[in-house]
Amino acid sequence: MKPDQLIRPEILALSAYHVADAAGMVKLDAMENPYRLPDGLRGELGALLGDAAINRYPDPQAPGVQRALRAAFGIAPEYDILLGNGSDELIQILAMALARPGATLLAVEPSFVMYRMIAGFAGMRYVGVPLKADFTLDEAAVLEAVEREEPALTFLAYPNNPTGNAFDRAAVERIIAASPGLVVVDEAYHAFAGGLSFLDALARFDNLLLMRTVSKLGLAGLRLGYLVGKPAWIGEFDKVRLPYNVNVLTQVAARYALSHVDVLEAQAATLVGERGSLFQALSALAGVEVFESRANFILFRVSDAPRVFAGLKARGVLIKNLHGGHPLLNHCLRVTVGAPEENEAFLTALADELDH
Ligand SMILES: *Cc1c(COP(=O)(O)O)cnc(C)c1O
């Protein structure tokens, strides 16, 4: 018996999610916050983690984390929260619960690749609707696809990854209103988006859910995402969640870090400032087309992305090469906004590489 006789063909056809080796590199490929917690807070966190009862299973509902999220982000009591081991797991929970035979998951493209991958894992049909060439939403095409495909589940990242822009809000609302299924607005980059959010739209749409993560805010290592919505929906998805998906150490660390969310938000504000400087510096380089970003990364296009990517890597700077991922991303690269010295290292290496 060989794997290809037993494993589902759509799994055999996949290649595993690739994470580049970043040892010793200036790491600007994964939208991580470059800043750690300040020393004093790290000491306190260490003491709390030392006290954590790792001999016990975690509380499956993690009520302390839920309270901390509500307090930090102003989530009203009329909504329920579903916690995930990263928002990746929430996407998986949603897809598993909605994967009736023939059910469709719709997303725009290019967007977060896990929507498509997880649709495959869960056995959902996947439909991708291209953005316009400037990465704005093709509202007419999405509305037409919604009518034709009747998706059970639609994902819209707001701001979008890997393009960095936030779609037109009114257009997104029209898509939600026209959708026969659930629409999940994925606000992974909320901390950098200057207050843009669909949190206040939850009241007006019964088929809307809001998904966020603490990853991009500075807690990527914890693996904690959250889904906010009306109790009737969250209650169903909670049945699919594995009981102990958020571990004891993550619960302790998340509660502590969220009680200091002002520190994380100040770091995010610093990064938004750095994003502005990086955008200007990139715009000043000949041969670089830069796209506006509301997130903690910047998308840009060069004449030969694979060569520039490899050149940067050889100079010790790791970014993300998007060339080949989608036709609209031809010769595009994505750089995470880092600390000033990291952004400097990136810009120096890029200027060098473009000179060659
Ligand atoms: C990074 C990212 C996520 C995944 O976040 P995790 O909580 O770390 O799993 C989800 N959606 C988008 C759009 C992202 O860019």
Side-chain angles (χ1 to χ4, degrees), residues 17-20 27-34 62 65 69 72-73 81-96 105-119 121 128 131 135 137 153-167 172 182-193 196-198 209-228 237 241-242 245-247 250-251 253-254 257-258 264 268 271 275 291 293-299 319-320 322 325-326 329 332 334-338:
Y17 188 83
H18 175 69
V19 177
K27 189 174 186 311
L28 299 174
D29 65 328
M31 283 77 86
E32 292 146 327
N33 176 342
V65 176
L69 287 168
F73 303 117
I81 297 177
L82 183 72
L83 301 179
N85 192 314
S87 45
D88 288 349
E89 191 195 28
L90 295 169
I91 302 169
Q92 188 183 51
I93 287 173
L94 288 159
M96 277 196 291
L105 186 153
L106 185 143
V108 294
E109 290 189 340
S111 188
F112 189 46
V113 293
M114 293 309 286
Y115 306 146
R116 172 186 221 136
M117 286 191 75
I118 289 172
F121 300 164
L131 297 172
F135 304 125
L137 202 55
L153 181 57
T154 296
F155 281 99
L156 290 168
Y158 180 83
N160 189 40
N161 173 15
T163 57
N165 58 320
F167 300 135
V172 172
L182 271 179
V183 177
V184 178
V185 173
D186 179 351
E187 297 187 344
Y189 298 97
H190 170 252
F192 313 98
L196 292 178
S197 174
F198 276 79
L209 293 170
L210 189 85
M211 188 170 75
R212 289 191 191 154
T213 174
V214 298
S215 294
K216 314 295 161 47
L217 186 59
L219 305 171
L222 293 186
R223 309 307 300 132
L224 181 70
Y226 58 105
L227 188 71
V228 184
F237 297 122
R241 181 180 61 81
L242 296 176
N245 65 330
V246 180
N247 73 72
T250 292
Q251 292 193 25
L258 290 171
L264 300 175
L271 292 169
R275 179 182 73 201
F291 298 93
S293 170
R294 312 292 298 246
N296 65 337
F297 59 85
I298 295 179
L299 183 77
I319 62 169
K320 179 83 178 172
L322 297 163
H326 190 277
L329 295 172
C332 282
R334 184 190 68 199
V335 61
T336 302
V337 179

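Order of appearance sets the numbers: ligands from 1, and atoms from 1 within every ligand. The model shown is predicted, which means the values in this text are computed figures rather than measured ones.
- Residue contacts with ligand 1, taken as heavy atom pairs separated by less than 4.0 Å, involve N161 solely via side-chain atoms from C-beta onward.
- R223 and N247 form no side-chain donor-acceptor contact under 3.5 Å, judged by distance and modelled atom types alone.
- Which parts of ligand 1 touch S215 is read off a 4.0 Å heavy-atom cut-off, strictly below it: atoms 6 (P), 7 (O), 8 (O).
- The main-chain N or O of A20 is never found under 3.5 Å from a side-chain atom of D29 such that the two would form a donor-acceptor pair.
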Mind running side chain to side chain contact (heavy atoms under 4.5 Å, CB included) on V228 and L69 for me, showing each step along the way?
-> CA-CA 10 Å; V228 184; L69 287 168; over 6 Å; no
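- Closest heavy-atom approach to atom 1 (C) of ligand 1 within the set M31, R223, M114, K216: this belongs to K216.
- When hydrogens are left out, the protein atom nearest atom 12 (C) of ligand 1 is D186 OD2, 3.4 Å; that is the closest non-hydrogen contact.
- Residue A188 has at least one heavy-atom neighbour below 4.0 Å for each of these atoms of ligand 1: 2 (C), 11 (N), 12 (C), 14 (C).
- Ligand 1 has no N or O atom lying under 3.5 Å from any N or O atom of Y115, backbone or side chain.
- For Q251 (side chain) and V246 (main-chain N/O), a donor-acceptor pair under 3.5 Å exists by modelled atom type.
- Side chains of E32 and T336: a donor-acceptor N/O pair is absent below 3.5 angstrom, by distance only.
- When F155, Y189, Y226 are checked for heavy-atom proximity to atom 15 (O) of ligand 1, Y189 turns out nearest.
- The shortest separation from a heavy atom of G225 to ligand 1 is not under 4.0 Å, leaving the residue out of contact.
- Protein heavy atom closest to atom 5 (O) of ligand 1, with residue, atom name and distance, is S87 OG, 3.1 Å.
- Interatomic distance, E109 CD to N160 CG, rounded to the nearest 0.5 Å: 10.5 Å.
- Listed by atom number, the atoms of ligand 1 under 4.0 Å from D88 heavy atoms are 4 (C), 9 (O).
- Using a 4.5 Å heavy-atom cutoff, the side chains of L209 and L82 are not in contact.
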